[in-house]
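Notes for the one structure printed next.
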Amino acid sequence: MNKRIASYIHENIDEILEKWRCKMEEEKDDRFFQIMSDKIVESIVREFGELMISSLTEEQATYTAKLDDFSVQIVRYGWSISFVLKALTNFTEIIYEKMDEAEYLNEGNFQSHRDILTNWITPLNHSIVDAYSVVWEKTVSLQKIALQELSASLIPVFEKISVMPLVGTIDTERAKLIMENLLHGVVKHRAEVVLLDITGVPVVDTMVAHHIIQAADAVRLVGAKCMLVGIRPEIAQTIVTLGINLNDFTTTSTLQKGVEQALAMTNRAIVEVNI
């Protein structure tokens, strides 16, 4: 019976997919069908249909491989999980409608066909959602690692002077990465002064300050000095209100002022030369 339904879907796949595409284009919460080129949409629509047929007719290994490939693509194109579920629901409804219109369903076979479709679509839902979730979590994890590495690197700006720009929220996991990169960078670049630039940190609370103080203490242990720069007025007010002690830090409001002080600490200065 599965093969009969699969055969019916295969024979009518063009019309089914066209109706499915039109129905999905009406969805208000996703812009995929509105912003993608017709060529990409046609490719995804066709792969979706092939995946549905594959789940009924092919070996589990073949279906799983197609499912994994399709999941990677829809994650890359930004399909939400709700949009994926809606796509499956719409596809099933269209098959019911088409089979009913063609008088493929009757009182004698309606229940059996319904049971077959239900037994097909339920595990299919689960497998697609599971595959989507795995790919999505992997993608988010890789993006998070890349972002952490990019936003926690020590950059040498002058001999003996390096800067670490911090961007975004600092949690315990990221603070550990900052500490590791900071200490590694100080030794690698032979830095004597390190500027921690918190211009891009939206909130400095007690926990964030604790992580920064720990990083500064670690820098001092390897023979360098740590300076905190980019302290905005609202951040300064928060630090004072929370009673956070930064007496061991040299602090400045901007990176430019921090670099000037760091040069002074290393017995250098930027001077204007008239030629």
Side-chain angles (χ1 to χ4, degrees), residues 1-106 109-142:
M1 188 69 74
N2 282 11
K3 291 183 178 180
R4 285 188 60 198
I5 294 178
S7 177
Y8 176 84
I9 295 173
H10 181 71
E11 291 170 3
N12 297 273
I13 191 64
D14 290 335
E15 191 174 349
I16 291 172
L17 289 179
E18 183 58 32
K19 290 191 70 173
W20 177 79
R21 172 177 176 166
C22 292
K23 200 162 189 175
M24 293 307 298
E25 286 177 344
E26 296 172 0
E27 295 297 321
K28 305 299 184 187
D29 59 343
D30 200 290
R31 299 175 57 216
F32 171 78
F33 285 89
Q34 283 75 35
I35 64 176
M36 288 297 175
S37 68
D38 291 340
K39 185 176 180 180
I40 292 177
V41 171
E42 179 63 29
S43 174
I44 289 295
V45 167
R46 182 61 53 182
E47 287 189 43
F48 183 83
E50 290 176 356
L51 182 67
M52 299 298 102
I53 296 172
S54 174
S55 66
L56 282 169
T57 60
E58 299 190 84
E59 297 292 332
Q60 183 64 34
T62 303
Y63 164 67
T64 300
K66 289 185 177 181
L67 174 59
D68 290 342
D69 290 341
F70 185 76
S71 299
V72 170
Q73 288 201 60
I74 61 177
V75 168
R76 188 181 300 141
Y77 290 133
W79 285 26
S80 64
I81 193 68
S82 60
F83 192 68
V84 173
L85 292 173
K86 191 66 177 176
L88 291 166
T89 301
N90 286 344
F91 191 81
T92 309
E93 289 177 355
I94 289 169
I95 291 175
Y96 271 117
E97 291 173 6
K98 286 291 299 174
M99 293 174 73
D100 189 44
E101 289 173 4
E103 298 182 351
Y104 193 85
L105 299 177
N106 54 55
N109 66 18
F110 179 82
Q111 188 61 48
S112 62
H113 281 63
R114 180 179 178 180
D115 290 343
I116 290 171
L117 285 171
T118 300
N119 292 335
W120 165 54
I121 205 67
T122 300
L124 182 64
N125 277 350
H126 292 161
S127 64
I128 289 181
V129 170
D130 287 345
Y132 178 92
S133 299
V134 169
V135 174
W136 179 258
E137 288 172 6
K138 182 179 180 180
T139 302
V140 171
S141 177
L142 291 173

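Given the structure is predicted, the values throughout are model-derived calculations rather than measurements.
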Exercise for the section: With rounding to the nearest 0.5 Å, note down the distance linking CD in E18 to CD1 in I13. Expected result: 11.5 Å
Handout entry: Rounded distance (nearest 0.5 Å) linking atom OG of S133 with atom CG of D130
Key = 6.0 Å
Exercise for the section: Take D69 and E47 through the test side chain to side chain contact (heavy atoms under 4.5 Å, CB included) and record every step on the way to the result. Expected result: CA-CA 10 Å; D69 290 341; E47 287 189 43; 5.6 Å; no
Practice task
Drop me the distance from I16's CD1 to I95's CD1, to the nearest 0.5 angstrom.
Solution key: 5.5 Å
Practice task
May I ask you to test the K19-N12 pair for a side-chain heavy-atom distance under 4.5 Å?
Solution key: no
Fill in the blank from the handout: For E58, the salt bridge (Lys or Arg N to Asp or Glu O under 4.0 Å) test, sequence neighbours excluded, returns K66
Practice task
Can you measure from CG (N90) to SG (C22) and round to the nearest 0.5 angstrom?
Solution key: 11.5 Å
Practice task
Mark yes when over 12 heavy atoms from residues, nucleotides or ligands other than E59 sit less than 6.0 Å from its CD; otherwise mark no.
Solution key: no
Practice task
Check whether any side-chain heavy atom of E50 sits under 4.5 Å from a side-chain heavy atom of F70, and report yes or no.
Solution key: no
Problem - Considering all heavy atoms, the nearest G49-L17 contact - result: CA-CD2, 3.8 Å
Fill in the blank from the handout: Taken in chain and number order and not counting sequence neighbours, the residues that satisfy side chain to side chain donor-acceptor pair (under 3.5 Å) with K98 are E15
Practice task
List the steps and the verdict of side chain to side chain contact (heavy atoms under 4.5 Å, CB included) for M24 and F83.
Solution key: CA-CA 9 Å; M24 293 307 298; F83 192 68; 3.3 Å; yes
Exercise for the section: Output yes when a side-chain donor or acceptor of W20 lies under 3.5 Å from a complementary backbone atom of A87, and no otherwise. Expected result: yes
Exercise for the section: With side chain to side chain contact (heavy atoms under 4.5 Å, CB included) as the test, would you mind laying out the steps for R46 and L51 before giving the verdict? Expected result: CA-CA 9 Å; R46 182 61 53 182; L51 182 67; over 6 Å; no
Practice task
Could you verify whether a donor N or O on one side chain and an acceptor N or O on the other, from T64 and Q60, lie under 3.5 Å apart?
Solution key: yes
